[in-house]
Novice: 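Sharing a structure below in C-alpha cells format, with a few things to ask.
One is the number of the first residue; the rest follow in order along the sequence.
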Amino acid sequence: MCIRDRVYIRFKSFKNAQELKGIVAKGNQGIHKIDIGAIYRHSLQNDLTSNQARIPIMKEFVIDIDMTDYDSIRTCCQDATVCKKCWRFLELAAQVLEVALREDFGFEHILWVFSGRRGIHCWVCDERAMKLTNEVRAAVADYLNYFGGNEHSKSLLKENIVTQNLHPSVQR
C-alpha cells in the first residue's frame, strides 16, 4: 500500500475482503495505490512471524513483458520509450501468450494491464495458477520463452524455434 509522499506500507494484512473494503471506503487514509500480493496463512504485520509462516499459500502469477526486451529489433524507439509502432510487438506477444496460456495450460482468467512504464503484465488469476510452486512457475516461463539470448547474443531466438521442432505456439 502506498500512502502520501510515496510512503510504502509492506505486508499490510486484512482478515477478509470486508476489512479491506472498509479501509478503502473511508477515503481519508491518503491511500494512493494498493499492490496486491500473496496470500499467507497468518498476518505478516508482526515482525516475529516465523519464516515458515512467511511462505505464501497462493500468490499472483504474473508474466512481465518489457518493451526493452525488443530493443535489438526495434527501429523506432529504445529503452522505456514506446510508440504506436513498437507497441505492436507487445500486442503480438500478448496474443501469442494468451493462446498458449489458454490452450497449453488451460488457464481461463487472464488479465492484461499496462505496467505503467515500459510494457505489459499478464495476470493469470486462476486458483490453480496462483498455487504453482516457484519451480513450476519457472518451467512455465521457460516453456513460454521463445527467446534464449541476451544483450551479447547475435540472435535472440532460441535454436529450436527456427528448426523443425517449432514451439507449439509458433506452429499455431
Novice: What I'd like to find out is whether the side chain of Trp112 reaches to under 4.5 Å of the side chain of Leu97, using heavy atoms alone.
Specialist: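 Yes, their side chains come closer than 4.5 Å.
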Novice: Could you tell me if the side chain of Val124 sits less than 4.5 Å from the side chain of Leu101, heavy atoms only?
Specialist: yes
Novice: So do the side chains of Leu111 and His121 get within less than 4.5 Å of each other, counting heavy atoms only?
Specialist: no
Novice: For Gly119 and Phe114, which heavy atoms make the closest approach, and how far apart are they?
Specialist: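 Closest approach of Gly119 to Phe114: O-CD1, 3.1 Å.
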Novice: For Met130 versus Cys125, what's the shortest heavy-atom pair and its separation?
Specialist: SD-O, 3.9 Å
Novice: Can you check whether His109's main-chain N or O pairs, donor with acceptor, with Asp126's side chain at less than 3.5 Å?
Specialist: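 Flag set: sc Asp126 to bb His109 pair under 3.5 Å.
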Novice: In Å and rounded to the nearest 0.5 Å, what is the NZ to SG distance from Lys84 to Cys76?
Specialist: 13.0 Å
Novice: Does the side chain of Asp104 come within less than 4.5 Å of Tyr143's, by heavy atoms?
Specialist: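 Yes; the side chains approach each other to less than 4.5 Å.
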Novice: Which residues pass the side chain to side chain contact (heavy atoms under 4.5 Å, CB included) test with Ala139, not counting sequence neighbours?
Specialist: none
Novice: Might you work through the side-chain contact (heavy atoms from CB on, under 4.5 Å) test for Glu98 and Ile110, ending with a clear yes or no?
Specialist: CA-CA 8 Å; Glu98 177 100 13; Ile110 299 170; 3.6 Å; yes
Novice: Would you give the length of the straight line joining atom SG of Cys86 to atom CD of Glu91, rounded to the nearest 0.5 angstrom?
Specialist: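 So the SG of Cys86 and the CD of Glu91 are separated by 10.5 Å.
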Novice: Shortest non-hydrogen contact from Thr81 to Cys77?
Specialist: O-CB, 3.5 Å
Novice: Side chains of Phe89 and Asp69, heavy atoms from C-beta outward: is any pair under 4.5 Å?
Specialist: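 No, too far: nothing below the 4.5 Å cut-off.
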Novice: State the CD-CD distance between Glu108 and Glu127, to the nearest 0.5 angstrom.
Specialist: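 It is 12.5 Å, given to the nearest 0.5 Å.
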Novice: Looking only at heavy atoms, what is the nearest atom pair of Leu144 and Ala100, with distance?
Specialist: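 It is CD2-CB, 3.6 Å.
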Novice: Verify the cluster assignment for Ile63 and Val136: are they in a single hydrophobic cluster under the rule of side-chain heavy atoms below 4.5 Å apart?
Specialist: yes
Novice: If you group Ile, Leu, Val, Met, Phe, Trp and Tyr by side-chain heavy-atom gaps below 4.5 Å, do Met58 and Phe61 land in one group?
Specialist: no
Novice: Tell me the closest heavy-atom pair linking Lys85 and Thr75, and the distance in Å.
Specialist: NZ-OG1, 3.6 Å
Novice: With rounding to the nearest 0.5 angstrom, report the CD to CG distance, Gln95 to Leu90.
Specialist: 11.5 Å
Novice: Distance check, rounded to the nearest 0.5 Å: Arg88 atom CZ versus Arg74 atom CZ?
Specialist: 15.5 Å
Novice: Under 4.5 Å between any side-chain heavy atoms of Met67 and Trp87, yes or no?
Specialist: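 The answer is no; the side chains never approach within 4.5 Å.
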Novice: What residue pairs, at least two apart or across chains, pass salt bridge (charged side-chain N to carboxylate O under 4.0 Å, His left out) with a residue in residues 55-68?
Specialist: Asp66-Arg118
Novice: Can you see which heavy atom on Ala93 is nearest to which on Ile65, and at what distance?
Specialist: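 Reported closest heavy-atom pair: CB-CD1, 4.0 Å.
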Novice: I want to check something: taking the side chain as every heavy atom from C-beta on, are Cys122 and Val62 in contact at a cut-off of under 4.5 Å?
Specialist: no
